[in-house]
Amino acid sequence: VSTQSTWEEGVTVVDAEGREHGRSVAAGQTGLLKCSAARVLWNIPIMVVPPLIMAKIGHRFGTLRSRTLAEVAVITAALWAGVPPALAAFPQRDEISVTKLEPQFQNLKSSTGQPIATLFYNKGL
């Protein structure tokens, strides 16, 4: 699924029972915005932390090789520490209130006849 088609055509929304109720452009756009935010979040530790750490400890390494190895280790640690929390901030399967969706999703009923207040969609990573 491409980003443009998600933005223009939306994503499939389902209820808690897993029944599909159509495609929602609003849910697709919300998902893309959250996906973009997560991508920014997971780059912060990688782009900010290693230069700060290396500025403090970089002078302690005598050779270029040892400095490079230390930098690779710091970047690897930043990846391991930064990416999982950023991915967890916005789960792949997200929920959205029907009040934030198009009018056709406003008065849906569950199989038991209860009003549906929340629908779910695949936000992507």
Side-chain angles (χ1 to χ4, degrees):
V1 175
S2 75
T3 304
Q4 184 176 357
S5 68
T6 299
W7 189 264
E8 293 173 352
E9 300 168 19
V11 293
T12 301
V13 290
V14 299
D15 60 22
E17 299 167 348
R19 293 184 308 149
E20 290 186 10
H21 291 280
R23 295 182 70 80
S24 169
V25 173
Q29 292 175 351
T30 300
L32 285 173
L33 293 173
K34 288 181 177 183
C35 185
S36 297
R39 290 178 184 185
V40 168
L41 283 176
W42 80 47
N43 280 291
I44 290 172
I46 301 161
M47 300 300 287
V48 174
V49 174
L52 293 175
I53 291 174
M54 291 309 294
K56 293 286 185 191
I57 67 170
H59 65 280
R60 296 181 185 169
F61 299 97
T63 66
L64 179 61
R65 180 182 175 148
S66 61
R67 179 175 163 73
T68 301
L69 289 173
E71 196 165 340
V72 168
V74 169
I75 291 169
T76 301
L79 281 167
W80 279 90
V83 173
L87 288 173
F90 302 107
Q92 183 173 357
R93 184 173 189 255
D94 202 6
E95 63 182 59
I96 189 166
S97 171
V98 295
T99 61
K100 295 180 181 177
L101 298 177
E102 294 84 356
Q104 69 262 29
F105 300 108
Q106 302 296 319
N107 297 309
L108 298 175
K109 304 278 187 206
S110 69
S111 61
T112 61
Q114 298 296 318
I116 295 175
T118 304
L119 291 172
F120 302 88
Y121 64 98
N122 182 358
K123 175 189 69 65
L125 297 174

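Just so it is clear, the structure is predicted and the values come from calculations on it, not from any experiment. Start at 1 with the first residue, then count along the sequence.
The shortest heavy-atom contact between Pro91 and Ala89 is CD-O, 3.8 Å. Heavy atoms only, all atoms of each residue included: Pro45 and Ala78 are closest at O-CB, 3.6 Å. Taking all atoms of both residues into account, the shortest heavy-atom contact from Ile116 to Ser110 is CG1-N, 3.6 Å. Minimum heavy-atom separation, Thr12 to Tyr121: O-CB, 3.6 Å.
No chain of hydrophobic side-chain contacts below 4.5 Å, direct or via other Ile, Leu, Val, Met, Phe, Trp or Tyr residues, connects Val49 to Trp80.
Atom CG in Leu119 sits 6.0 Å away from atom CG in Leu108 (nearest 0.5 Å). Atom CD of Gln114 and atom OG1 of Thr112 lie 4.5 Å apart (nearest 0.5 Å). Here the CG-CG distance, from Leu79 to Asn43, works out to 9.0 Å after rounding to the nearest 0.5 Å. We find the NE2-CE distance between His59 and Met54 to be 10.5 Å, quoted to the nearest 0.5 Å.
Taking the side chain as every heavy atom from C-beta outward, Asn122 and Arg93 never approach each other to under 4.5 Å. Within the 4.5 Å cutoff, the side chain of Lys123 has no heavy atoms near those of the Ile96 side chain.
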All N/O donor-acceptor pairs, side-chain side in residues 68-77, below 3.5 Å, sequence neighbours left out:
residue : atom : partner : partner atom : Å
Thr68   : OG1  : Leu64   : O            : 2.8
Thr76   : OG1  : Val72   : O            : 2.8

Could you tabulate the donor-acceptor pairs under 3.5 Å formed by side-chain atoms of residues 98-106, not counting sequence neighbours?
residue : atom : partner : partner atom : Å
Thr99   : OG1  : Ser97   : OG           : 2.8
Glu102  : OE1  : Ser24   : OG           : 2.7
Glu102  : OE2  : Val25   : N            : 2.9
Glu102  : OE2  : Ala26   : N            : 2.8
Gln106  : NE2  : Val98   : O            : 2.7
Gln106  : NE2  : Leu101  : O            : 2.8
Gln106  : NE2  : Glu102  : O            : 3.2

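The backbone N or O of Trp7 lies less than 3.5 Å from a partner atom in the side chain of Gln29, making a donor-acceptor pair. A donor-acceptor pair under 3.5 Å is absent between the side-chain atoms of Arg67 and the main chain of Phe61, judged by distance alone.
Glu17 CD: more than 12 foreign heavy atoms inside a 6.0 Å radius.
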